[in-house]
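Let me begin by handing over the structure; questions about it come next.
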Amino acid sequence: MNRLVGFSRRVCPLVLAGVYWLAWNMAALAQAPGPGQEKAEETPPYVVPYAIVILCVGMGVTIVLNSSKRRDRAKPEVFGEPK
């Protein structure tokens, strides 16, 4: 869990900086192209959902494969002995 917390502490400022940058420049990004500018090519409609699915699968694999930090290992279970 420590690795995941450390990772999130390093990534969180970068994500926040990106969100602030997008919020600050949203008006400039939303403007229609002027007379001397070319219209940019549009991305296919399936790109964003694929990116979201890849992100979710990657985060799921990261969480599942995160090693535990247990100090004592599980004791082997012996059959036939009373508990």
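A quick note: this is a predicted structure, and the numbers were derived from the prediction, not measured.
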Partners meeting side-chain contact (heavy atoms from CB on, under 4.5 Å) with Leu16 (sequence neighbours left out): Cys12, Tyr20

hydrophobic_cluster_shared for Phe7 and Val15, side chain cutoff 4.5 Å: yes

The side-chain contact (heavy atoms from CB on, under 4.5 Å) partners of Val57 (sequence neighbours excluded) come to Val53, Val61

Tell me every residue that passes side-chain contact (heavy atoms from CB on, under 4.5 Å) with Ile52, counting only those two or more places apart in sequence or in another chain. Val48, Cys56

